[in-house]
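Reminder, nothing fancy here: chain letters follow the sequence lines and each chain counts from 1. Values below: every heavy atom of this structure, side chains too, minus hydrogens, waters and symmetry copies.
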Number of protein chains: 2
Amino acid sequence: MGLEHALLVSLSERSGSGYELARRFDKSIGFFWNATHQQIYRVLKRMDEAGWIAGEAVTQDGRPDKKVYSVSRAGRSELARWIAEPSEPGALRSELAVKVRGAAHGDHAALRAEVTRHRDRHHKRLEVYRLIEKKDFPDPAALSGTGLHQYLVLRGGIRVETGFVEWCDEILAALPPGREAAAAHSRRDQSPEKGTR
Amino acid sequence: MGLEHALLVSLSERSGSGYELARRFDKSIGFFWNATHQQIYRVLKRMDEAGWIAGEAVTQDGRPDKKVYSVSRAGRSELARWIAEPSEPGALRSELAVKVRGAAHGDHAALRAEVTRHRDRHHKRLEVYRLIEKKDFPDPAALSGTGLHQYLVLRGGIRVETGFVEWCDEILAALPPGREAAAAHSRRDQSPEKGTR
DNA sequence: GGTTTCATGTAACTAGTTACATGATTTA
DNA sequence: TAAATCATGTAACTAGTTACATGAAACC
(Lines give C-alpha, C1' and ligand atoms only; values in the text may rest on other atoms or scores of the structure.)
Protein backbone atom coordinates (compact mmCIF):
# COMPACT_ATOMS: atom_id res chain seq x y z
CA MET A 1 0.00 0.00 0.00
CA GLY A 2 2.74 2.46 0.72
CA LEU A 3 4.62 3.90 3.64
CA GLU A 4 3.60 1.10 6.02
CA HIS A 5 5.58 -1.48 4.11
CA ALA A 6 8.56 0.76 3.56
CA LEU A 7 8.67 1.22 7.33
CA LEU A 8 8.34 -2.52 7.88
CA VAL A 9 11.34 -3.12 5.63
CA SER A 10 13.39 -0.53 7.48
CA LEU A 11 12.35 -1.77 10.93
CA SER A 12 13.02 -5.38 9.93
CA GLU A 13 16.65 -4.52 9.37
CA ARG A 14 16.87 -2.84 12.74
CA SER A 15 14.44 -1.41 15.25
CA GLY A 16 14.24 2.33 15.70
CA SER A 17 12.22 5.36 16.69
CA GLY A 18 10.13 7.53 14.38
CA TYR A 19 12.84 10.11 14.34
CA GLU A 20 15.50 7.57 13.39
CA LEU A 21 13.29 6.20 10.62
CA ALA A 22 12.85 9.68 9.20
CA ARG A 23 16.63 10.11 9.14
CA ARG A 24 17.21 6.69 7.57
CA PHE A 25 14.79 7.57 4.82
CA ASP A 26 17.21 10.22 3.65
CA LYS A 27 19.26 7.33 2.30
CA SER A 28 18.63 4.07 0.51
CA ILE A 29 14.88 3.35 0.57
CA GLY A 30 14.39 7.11 0.47
CA PHE A 31 15.56 7.14 -3.17
CA PHE A 32 12.21 5.65 -4.05
CA TRP A 33 10.01 6.40 -1.09
CA ASN A 34 10.28 9.44 1.10
CA ALA A 35 8.14 10.76 3.93
CA THR A 36 8.08 13.56 6.48
CA HIS A 37 8.40 12.81 10.16
CA GLN A 38 4.78 13.83 10.78
CA GLN A 39 3.51 11.18 8.44
CA ILE A 40 5.89 8.60 9.84
CA TYR A 41 4.66 9.18 13.40
CA ARG A 42 1.06 8.89 12.30
CA VAL A 43 1.63 5.68 10.34
CA LEU A 44 3.72 4.14 13.14
CA LYS A 45 0.83 4.73 15.52
CA ARG A 46 -1.58 3.03 13.16
CA MET A 47 0.81 0.11 12.66
CA ASP A 48 1.20 -0.25 16.40
CA GLU A 49 -2.59 -0.39 16.81
CA ALA A 50 -2.77 -3.01 14.06
CA GLY A 51 -0.20 -5.12 15.90
CA TRP A 52 2.41 -5.04 13.12
CA ILE A 53 4.97 -3.38 15.37
CA ALA A 54 5.49 -2.98 19.11
CA GLY A 55 6.84 0.21 20.67
CA GLU A 56 9.02 0.24 23.74
CA ALA A 57 9.64 3.50 25.62
CA VAL A 58 13.32 4.18 26.12
CA THR A 59 14.43 6.77 28.68
CA GLN A 60 17.61 8.61 27.85
CA ASP A 61 19.50 11.22 29.80
CA GLY A 62 20.97 14.20 28.03
CA ARG A 63 18.35 13.84 25.33
CA PRO A 64 14.59 13.34 25.01
CA ASP A 65 12.97 9.97 25.64
CA LYS A 66 12.05 7.95 22.59
CA LYS A 67 9.84 5.08 21.53
CA VAL A 68 11.69 2.28 19.77
CA TYR A 69 9.59 0.09 17.51
CA SER A 70 10.25 -3.53 16.56
CA VAL A 71 8.42 -5.63 14.00
CA SER A 72 6.10 -8.24 15.51
CA ARG A 73 5.33 -11.68 14.11
CA ALA A 74 2.16 -10.26 12.53
CA GLY A 75 4.25 -7.49 10.96
CA ARG A 76 6.70 -9.96 9.51
CA SER A 77 4.00 -12.07 7.92
CA GLU A 78 2.26 -8.93 6.63
CA LEU A 79 5.50 -7.84 4.96
CA ALA A 80 6.01 -11.27 3.39
CA ARG A 81 2.40 -11.26 2.19
CA TRP A 82 2.76 -7.82 0.63
CA ILE A 83 6.04 -8.62 -1.12
CA ALA A 84 4.47 -11.68 -2.76
CA GLU A 85 1.27 -9.84 -3.70
CA PRO A 86 1.22 -8.42 -7.23
CA SER A 87 1.05 -4.61 -7.29
CA GLU A 88 0.40 -2.07 -10.00
CA PRO A 89 3.32 -0.11 -11.42
CA GLY A 90 2.49 3.26 -9.89
CA ALA A 91 1.79 6.16 -12.22
CA LEU A 92 4.82 8.36 -12.61
CA ARG A 93 4.38 12.09 -12.41
CA SER A 94 6.58 14.77 -13.85
CA GLU A 95 5.68 18.42 -13.67
CA LEU A 96 8.54 19.10 -16.05
CA ALA A 97 6.92 16.93 -18.71
CA VAL A 98 3.69 18.93 -18.35
CA LYS A 99 5.68 22.14 -18.72
CA VAL A 100 7.42 20.87 -21.85
CA ARG A 101 4.07 19.79 -23.27
CA GLY A 102 2.79 23.33 -22.64
CA ALA A 103 5.94 25.06 -23.91
CA ALA A 104 3.99 26.87 -26.63
CA HIS A 105 2.02 28.72 -23.95
CA GLY A 106 4.93 30.00 -21.89
CA ASP A 107 8.24 31.77 -21.97
CA HIS A 108 10.81 29.76 -23.90
CA ALA A 109 13.86 31.14 -22.09
CA ALA A 110 12.30 30.55 -18.68
CA LEU A 111 11.43 27.00 -19.61
CA ARG A 112 14.98 26.33 -20.80
CA ALA A 113 16.19 27.65 -17.43
CA GLU A 114 13.77 25.31 -15.65
CA VAL A 115 14.95 22.30 -17.63
CA THR A 116 18.55 23.24 -16.90
CA ARG A 117 17.77 23.53 -13.19
CA HIS A 118 16.21 20.08 -13.16
CA ARG A 119 19.11 18.67 -15.15
CA ASP A 120 21.55 20.01 -12.57
CA ARG A 121 19.53 18.72 -9.63
CA HIS A 122 19.36 15.24 -11.10
CA HIS A 123 22.99 15.34 -12.08
CA LYS A 124 23.95 16.14 -8.50
CA ARG A 125 21.89 13.29 -7.15
CA LEU A 126 23.46 11.02 -9.73
CA GLU A 127 26.93 11.97 -8.54
CA VAL A 128 25.96 11.19 -4.95
CA TYR A 129 24.64 7.79 -6.02
CA ARG A 130 27.78 7.02 -8.04
CA LEU A 131 29.91 7.90 -5.04
CA ILE A 132 27.93 5.53 -2.84
CA GLU A 133 28.27 2.87 -5.51
CA LYS A 134 32.05 3.24 -5.58
CA LYS A 135 32.50 3.45 -1.82
CA ASP A 136 29.99 0.94 -0.49
CA PHE A 137 29.82 -1.54 -3.36
CA PRO A 138 33.29 -1.85 -4.92
CA ASP A 139 32.74 -5.52 -5.82
CA PRO A 140 29.08 -6.03 -6.81
CA ALA A 141 29.65 -9.61 -8.01
CA ALA A 142 30.49 -10.66 -4.46
CA LEU A 143 27.23 -9.33 -2.96
CA SER A 144 24.39 -11.39 -1.53
CA GLY A 145 21.46 -10.90 0.84
CA THR A 146 20.54 -7.44 2.05
CA GLY A 147 23.76 -5.95 0.66
CA LEU A 148 22.78 -7.11 -2.80
CA HIS A 149 19.23 -5.77 -2.38
CA GLN A 150 20.54 -2.39 -1.29
CA TYR A 151 22.83 -2.33 -4.30
CA LEU A 152 20.02 -3.19 -6.71
CA VAL A 153 17.89 -0.33 -5.41
CA LEU A 154 20.85 2.00 -5.75
CA ARG A 155 21.28 0.79 -9.35
CA GLY A 156 17.65 1.71 -9.95
CA GLY A 157 18.31 5.18 -8.61
CA ILE A 158 21.33 5.55 -10.88
CA ARG A 159 19.35 4.41 -13.91
CA VAL A 160 16.47 6.76 -13.19
CA GLU A 161 18.69 9.78 -12.61
CA THR A 162 20.84 9.00 -15.65
CA GLY A 163 17.72 8.72 -17.77
CA PHE A 164 16.43 12.02 -16.47
CA VAL A 165 19.68 13.88 -17.12
CA GLU A 166 19.85 12.52 -20.67
CA TRP A 167 16.22 13.46 -21.26
CA CYS A 168 16.87 17.04 -20.09
CA ASP A 169 19.86 17.22 -22.42
CA GLU A 170 17.70 16.01 -25.29
CA ILE A 171 15.11 18.68 -24.52
CA LEU A 172 17.74 21.43 -24.34
CA ALA A 173 19.25 20.30 -27.63
CA ALA A 174 15.85 20.26 -29.36
CA LEU A 175 14.24 23.37 -27.87
CA PRO A 176 15.35 26.49 -29.77
CA PRO A 177 17.21 28.90 -27.48
CA GLY A 178 16.48 32.39 -28.92
CA ARG A 179 13.03 33.87 -29.56
CA GLU A 180 11.57 34.26 -26.10
CA ALA A 181 7.89 33.64 -25.46
CA ALA A 182 7.12 34.06 -29.14
CA ALA A 183 4.02 31.89 -29.15
CA ALA A 184 2.51 33.12 -25.90
CA HIS A 185 2.70 36.80 -26.78
CA SER A 186 1.71 36.72 -30.44
CA ARG A 187 -1.38 34.70 -29.61
CA ARG A 188 -2.70 37.09 -26.97
CA ASP A 189 -4.44 39.53 -29.38
CA GLN A 190 -6.68 37.45 -31.61
CA SER A 191 -8.04 35.12 -28.91
CA PRO A 192 -11.85 34.98 -28.44
CA GLU A 193 -12.42 35.86 -24.79
CA LYS A 194 -14.89 34.07 -22.56
CA GLY A 195 -15.82 34.28 -18.90
CA THR A 196 -13.19 35.54 -16.44
CA ARG A 197 -15.04 38.68 -15.48
CA MET B 1 0.82 22.62 -8.60
CA GLY B 2 -0.58 19.65 -10.41
CA LEU B 3 -3.63 18.61 -12.31
CA GLU B 4 -4.83 22.19 -12.83
CA HIS B 5 -1.92 23.01 -15.06
CA ALA B 6 -2.01 19.75 -16.94
CA LEU B 7 -5.64 20.54 -17.74
CA LEU B 8 -4.73 24.08 -18.78
CA VAL B 9 -2.17 22.70 -21.23
CA SER B 10 -4.70 20.29 -22.67
CA LEU B 11 -7.47 22.88 -22.90
CA SER B 12 -5.09 25.40 -24.47
CA GLU B 13 -4.59 23.09 -27.39
CA ARG B 14 -8.29 22.64 -27.81
CA SER B 15 -11.39 23.16 -25.69
CA GLY B 16 -13.28 20.17 -24.39
CA SER B 17 -15.53 18.65 -21.76
CA GLY B 18 -14.43 16.84 -18.62
CA TYR B 19 -15.15 13.55 -20.29
CA GLU B 20 -13.05 14.43 -23.33
CA LEU B 21 -10.17 15.54 -21.12
CA ALA B 22 -10.24 12.24 -19.26
CA ARG B 23 -10.03 10.40 -22.58
CA ARG B 24 -7.22 12.63 -23.89
CA PHE B 25 -5.23 11.87 -20.75
CA ASP B 26 -4.98 8.28 -21.86
CA LYS B 27 -2.45 9.56 -24.37
CA SER B 28 0.42 12.02 -24.43
CA ILE B 29 0.30 14.10 -21.22
CA GLY B 30 -1.11 11.02 -19.54
CA PHE B 31 2.32 9.36 -19.80
CA PHE B 32 3.42 11.65 -17.01
CA TRP B 33 0.21 12.80 -15.40
CA ASN B 34 -2.93 10.80 -15.16
CA ALA B 35 -6.24 11.42 -13.40
CA THR B 36 -9.66 9.86 -13.00
CA HIS B 37 -12.74 11.57 -14.36
CA GLN B 38 -14.01 12.27 -10.83
CA GLN B 39 -10.95 14.29 -10.01
CA ILE B 40 -11.04 16.07 -13.36
CA TYR B 41 -14.64 17.20 -12.83
CA ARG B 42 -13.83 18.48 -9.37
CA VAL B 43 -10.75 20.39 -10.50
CA LEU B 44 -12.54 21.82 -13.55
CA LYS B 45 -15.23 23.21 -11.25
CA ARG B 46 -12.61 24.83 -9.04
CA MET B 47 -10.80 26.26 -12.08
CA ASP B 48 -14.07 27.64 -13.40
CA GLU B 49 -14.73 29.36 -10.07
CA ALA B 50 -11.19 30.78 -10.13
CA GLY B 51 -11.86 32.22 -13.59
CA TRP B 52 -9.11 30.26 -15.35
CA ILE B 53 -11.58 28.57 -17.64
CA ALA B 54 -15.12 29.21 -18.82
CA GLY B 55 -17.67 26.45 -19.37
CA GLU B 56 -20.31 26.56 -22.06
CA ALA B 57 -23.24 24.15 -21.99
CA VAL B 58 -23.65 22.32 -25.28
CA THR B 59 -26.89 20.49 -26.03
CA GLN B 60 -26.55 17.42 -28.18
CA ASP B 61 -29.17 15.08 -29.53
CA GLY B 62 -28.58 11.38 -29.55
CA ARG B 63 -26.20 11.80 -26.63
CA PRO B 64 -26.04 13.56 -23.25
CA ASP B 65 -25.45 17.27 -22.99
CA LYS B 66 -21.95 18.38 -22.10
CA LYS B 67 -20.08 21.36 -20.76
CA VAL B 68 -17.22 22.51 -22.98
CA TYR B 69 -14.48 24.47 -21.24
CA SER B 70 -12.14 27.02 -22.81
CA VAL B 71 -9.15 28.71 -21.25
CA SER B 72 -9.74 32.35 -20.30
CA ARG B 73 -7.21 35.17 -20.41
CA ALA B 74 -6.56 34.66 -16.68
CA GLY B 75 -6.02 30.96 -17.32
CA ARG B 76 -3.50 31.67 -20.08
CA SER B 77 -1.47 34.00 -17.93
CA GLU B 78 -1.63 31.56 -15.01
CA LEU B 79 -0.26 28.83 -17.26
CA ALA B 80 2.55 31.08 -18.50
CA ARG B 81 3.34 32.07 -14.92
CA TRP B 82 3.48 28.45 -13.77
CA ILE B 83 5.68 27.31 -16.66
CA ALA B 84 8.24 30.00 -15.83
CA GLU B 85 8.10 29.34 -12.08
CA PRO B 86 10.78 26.97 -10.78
CA SER B 87 9.36 23.75 -9.38
CA GLU B 88 10.79 20.91 -7.34
CA PRO B 89 11.58 17.63 -9.09
CA GLY B 90 8.81 15.55 -7.56
CA ALA B 91 9.76 12.56 -5.44
CA LEU B 92 9.55 9.37 -7.43
CA ARG B 93 7.89 6.37 -5.83
CA SER B 94 8.39 2.76 -6.67
CA GLU B 95 6.72 0.00 -4.69
CA LEU B 96 8.90 -2.46 -6.55
CA ALA B 97 12.04 -0.83 -5.17
CA VAL B 98 10.67 -1.20 -1.64
CA LYS B 99 9.93 -4.85 -2.34
CA VAL B 100 13.44 -5.44 -3.65
CA ARG B 101 14.87 -3.69 -0.60
CA GLY B 102 12.81 -6.05 1.58
CA ALA B 103 13.58 -9.17 -0.46
CA ALA B 104 15.21 -10.86 2.53
CA HIS B 105 11.87 -10.82 4.35
CA GLY B 106 9.73 -12.36 1.63
CA ASP B 107 9.42 -15.21 -0.81
CA HIS B 108 12.18 -15.07 -3.40
CA ALA B 109 10.28 -16.87 -6.15
CA ALA B 110 7.23 -14.65 -5.67
CA LEU B 111 9.37 -11.55 -5.83
CA ARG B 112 11.02 -12.72 -9.05
CA ALA B 113 7.54 -13.24 -10.47
CA GLU B 114 6.59 -9.71 -9.42
CA VAL B 115 9.67 -8.21 -11.04
CA THR B 116 8.94 -10.18 -14.21
CA ARG B 117 5.35 -8.93 -14.23
CA HIS B 118 6.53 -5.31 -13.93
CA ARG B 119 9.16 -5.88 -16.60
CA ASP B 120 6.49 -7.12 -18.99
CA ARG B 121 4.11 -4.28 -18.23
CA HIS B 122 6.77 -1.68 -18.87
CA HIS B 123 7.97 -3.50 -21.96
CA LYS B 124 4.45 -3.41 -23.38
CA ARG B 125 4.13 0.30 -22.72
CA LEU B 126 7.51 0.81 -24.33
CA GLU B 127 6.38 -0.97 -27.47
CA VAL B 128 3.30 1.26 -27.64
CA TYR B 129 5.48 4.35 -27.31
CA ARG B 130 7.90 3.15 -29.98
CA LEU B 131 5.00 2.54 -32.30
CA ILE B 132 3.71 6.07 -31.76
CA GLU B 133 7.22 7.37 -32.35
CA LYS B 134 7.47 5.58 -35.69
CA LYS B 135 3.98 6.43 -36.87
CA ASP B 136 3.52 10.01 -35.69
CA PHE B 137 7.08 11.30 -35.70
CA PRO B 138 8.94 9.72 -38.61
CA ASP B 139 11.13 12.80 -39.11
CA PRO B 140 11.93 14.32 -35.68
CA ALA B 141 14.45 16.80 -37.09
CA ALA B 142 11.67 18.53 -39.02
CA LEU B 143 9.49 19.13 -35.96
CA SER B 144 8.72 22.47 -34.32
CA GLY B 145 6.10 23.93 -31.99
CA THR B 146 3.57 21.70 -30.30
CA GLY B 147 4.55 18.72 -32.45
CA LEU B 148 8.10 18.99 -31.16
CA HIS B 149 6.89 19.33 -27.58
CA GLN B 150 4.71 16.25 -27.90
CA TYR B 151 7.65 14.35 -29.32
CA LEU B 152 9.94 15.38 -26.46
CA VAL B 153 7.45 14.16 -23.87
CA LEU B 154 7.13 10.90 -25.76
CA ARG B 155 10.93 10.61 -25.74
CA GLY B 156 10.80 11.01 -21.96
CA GLY B 157 8.29 8.19 -21.74
CA ILE B 158 10.50 5.99 -23.89
CA ARG B 159 13.55 6.73 -21.76
CA VAL B 160 11.73 6.06 -18.51
CA GLU B 161 10.23 2.79 -19.71
CA THR B 162 13.52 1.64 -21.24
CA GLY B 163 15.28 2.39 -17.98
CA PHE B 164 12.70 0.46 -16.03
CA VAL B 165 12.86 -2.62 -18.26
CA GLU B 166 16.65 -2.65 -18.06
CA TRP B 167 16.53 -2.26 -14.29
CA CYS B 168 14.13 -5.21 -13.97
CA ASP B 169 16.47 -7.29 -16.14
CA GLU B 170 19.39 -6.35 -13.92
CA ILE B 171 17.41 -7.40 -10.84
CA LEU B 172 16.41 -10.72 -12.39
CA ALA B 173 20.01 -11.41 -13.41
CA ALA B 174 21.31 -10.63 -9.92
CA LEU B 175 18.59 -12.20 -7.75
CA PRO B 176 19.24 -15.94 -7.32
CA PRO B 177 16.37 -17.99 -8.77
CA GLY B 178 16.30 -21.19 -6.62
CA ARG B 179 15.98 -21.33 -2.84
CA GLU B 180 12.50 -20.03 -2.17
CA ALA B 181 11.81 -17.90 0.90
CA ALA B 182 15.00 -19.12 2.55
CA ALA B 183 15.53 -16.05 4.71
CA ALA B 184 11.93 -15.50 5.77
CA HIS B 185 11.37 -19.05 7.01
CA SER B 186 14.69 -19.75 8.71
CA ARG B 187 14.42 -16.56 10.73
CA ARG B 188 10.96 -17.29 12.09
CA ASP B 189 12.12 -19.48 15.03
CA GLN B 190 14.77 -17.52 16.90
CA SER B 191 13.08 -14.12 16.79
CA PRO B 192 12.37 -12.37 20.10
CA GLU B 193 8.63 -11.77 20.08
CA LYS B 194 6.96 -8.61 21.29
CA GLY B 195 3.41 -7.27 21.31
CA THR B 196 0.95 -8.73 18.78
CA ARG B 197 -1.12 -10.68 21.33
C1' DG C 1 -30.41 -8.69 -24.85
C1' DG C 2 -25.93 -7.47 -22.85
C1' DT C 3 -21.84 -4.58 -23.13
C1' DT C 4 -19.54 -0.47 -24.41
C1' DT C 5 -19.64 4.58 -25.16
C1' DC C 6 -21.03 9.17 -23.88
C1' DA C 7 -21.60 12.27 -19.99
C1' DT C 8 -21.71 14.06 -15.24
C1' DG C 9 -21.70 13.81 -10.77
C1' DT C 10 -21.85 12.77 -5.10
C1' DA C 11 -19.94 10.70 -0.90
C1' DA C 12 -16.64 8.68 1.77
C1' DC C 13 -12.18 7.70 2.27
C1' DT C 14 -6.86 7.36 2.18
C1' DA C 15 -2.50 9.51 1.60
C1' DG C 16 0.43 13.18 1.94
C1' DT C 17 1.87 18.21 2.94
C1' DT C 18 2.48 22.49 5.61
C1' DA C 19 2.50 25.02 9.55
C1' DC C 20 3.01 25.24 14.28
C1' DA C 21 4.52 23.85 19.07
C1' DT C 22 7.70 22.31 22.75
C1' DG C 23 12.06 21.83 25.08
C1' DA C 24 16.68 20.21 26.36
C1' DT C 25 21.47 19.71 24.54
C1' DT C 26 25.26 20.20 21.73
C1' DT C 27 28.01 22.61 18.35
C1' DA C 28 29.89 26.81 15.91
C1' DT D 1 24.45 33.59 21.58
C1' DA D 2 22.58 31.66 17.70
C1' DA D 3 21.84 27.50 15.22
C1' DA D 4 21.53 22.70 14.67
C1' DT D 5 20.35 18.09 16.60
C1' DC D 6 17.35 15.03 19.13
C1' DA D 7 12.57 13.75 19.81
C1' DT D 8 7.49 13.78 19.46
C1' DG D 9 3.50 15.43 18.36
C1' DT D 10 -1.33 18.30 16.89
C1' DA D 11 -4.21 20.69 13.51
C1' DA D 12 -5.59 22.03 9.22
C1' DC D 13 -5.29 21.34 4.72
C1' DT D 14 -4.63 19.51 -0.29
C1' DA D 15 -4.57 15.80 -3.45
C1' DG D 16 -6.00 11.62 -5.04
C1' DT D 17 -8.73 7.05 -4.89
C1' DT D 18 -12.79 3.99 -4.64
C1' DA D 19 -17.38 3.10 -4.70
C1' DC D 20 -21.78 4.22 -6.16
C1' DA D 21 -25.49 6.41 -9.12
C1' DT D 22 -28.00 7.70 -13.36
C1' DG D 23 -29.57 7.28 -18.10
C1' DA D 24 -29.81 7.24 -23.09
C1' DA D 25 -27.73 5.45 -27.44
C1' DA D 26 -24.95 2.62 -30.15
C1' DC D 27 -22.82 -1.69 -31.07
C1' DC D 28 -22.51 -6.81 -31.26
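- Rounded to whole angstrom, the span from the CD atom of B:Gln38 across to the C1' atom of D:dA21 amounts to 11 Å.
- In terms of modelled atom types and a separation under 3.5 Å, the side chain of B:His5 and the main chain of B:Ile83 share no donor-acceptor contact.
- For the pair B:Glu88 CD and C:dT17 C1', the interatomic distance rounds to 13 Å; values are reported in whole Å.
- Proximity of B:Tyr19 to the phosphate of C:dT8: no side-chain N or O atom is located under 4.0 Å from OP1 or OP2.
- Between A:Glu13 and A:Arg24, no side-chain nitrogen of the basic residue sits less than 4.0 Å from a carboxylate oxygen of the acidic one, so the salt-bridge criterion is not met.
- One interatomic measurement links the two molecules: NE2 of A:His37 to P of D:dT5, which rounds to 14 Å at whole-angstrom precision.
- Between B:Glu20 and B:Arg14 there is no salt bridge, since none of the side-chain N atoms of the basic residue sits less than 4.0 Å from a carboxylate O of the acidic one.
- Taking 4.0 angstrom as the limit, A:Lys67 places a side-chain polar atom (N or O) nearer than this to OP1 or OP2 of D:dG9.
- In this structure, B:Asn34 atom CG and D:dG16 atom P are separated by 11 Å, rounded to whole Å.
- Over its length, the helix from C:dG1-D:dC28 to C:dA28-D:dT1 turns its helix axis by 50°, as judged from the five terminal pairs at each end, rounded to 10°.
- Not counting sequence neighbours, the partners of B:Asp169 by the salt bridge (charged side-chain N to carboxylate O under 4.0 Å, His left out) test are B:Arg119.
- Look at NZ on A:Lys66: it is 17 Å from P on D:dT5, rounded to the nearest Å.
- With respect to A:Arg81 and A:Glu78, a salt bridge is recorded, a charged nitrogen being found less than 4.0 Å from a carboxylate O.
- For the pair B:Glu95 CD and D:dT17 P, the interatomic distance rounds to 13 Å; values are reported in whole Å.
- Residue order along DNA chain D, read from the 5' end via each residue's closest nucleotide, puts A:Tyr41 first among B:Arg42 and A:Tyr41.
- For B:Trp167 (side chain) and A:Val153 (main-chain N/O), no donor-acceptor pair under 3.5 Å exists by modelled atom type.
- Of the charged side-chain nitrogens involved, none lies within less than 4.0 Å of a carboxylate oxygen, so that B:Glu127 and B:Arg130 do not count as a salt-bridged pair.
- Here A:Ser17 does not reach the OP1 or OP2 of D:dC6: none of its side-chain N or O atoms lies under 4.0 Å away.
- Nearest to the side chain of A:Pro64, among C:dG16, D:dC6, C:dT18, sits D:dC6.
- Distance from the side chain of B:Arg93 is smallest to C:dG16 among C:dG16, C:dG9, C:dT18.
- If A:Asp65 and A:Lys45 are placed on DNA chain D by their nearest nucleotide, the residue sitting closer to the 5' end is A:Asp65.
- Note on B:Arg23: every side-chain N or O is 4.0 Å or more away from OP1 and OP2 of C:dT5.
- At the phosphate of D:dA7, OP1 or OP2 sits under 4.0 Å from a side-chain N or O atom of A:Gln60.
- What separates CG of A:Leu44 from C1' of D:dG9 is a distance of 12 Å, to the nearest Å.
- Of the side-chain N and O atoms in B:Gln39, one or more sit less than 4.0 angstrom from OP1 or OP2 of D:dT17.
- Distance CD1 (A:Ile40) to C1' (C:dA15): 14 Å, rounded to an integer number of Å.
- Checked by atom type and distance alone, the side chain of A:Lys99 pairs as donor or acceptor with a backbone atom of B:Trp82 at under 3.5 Å.
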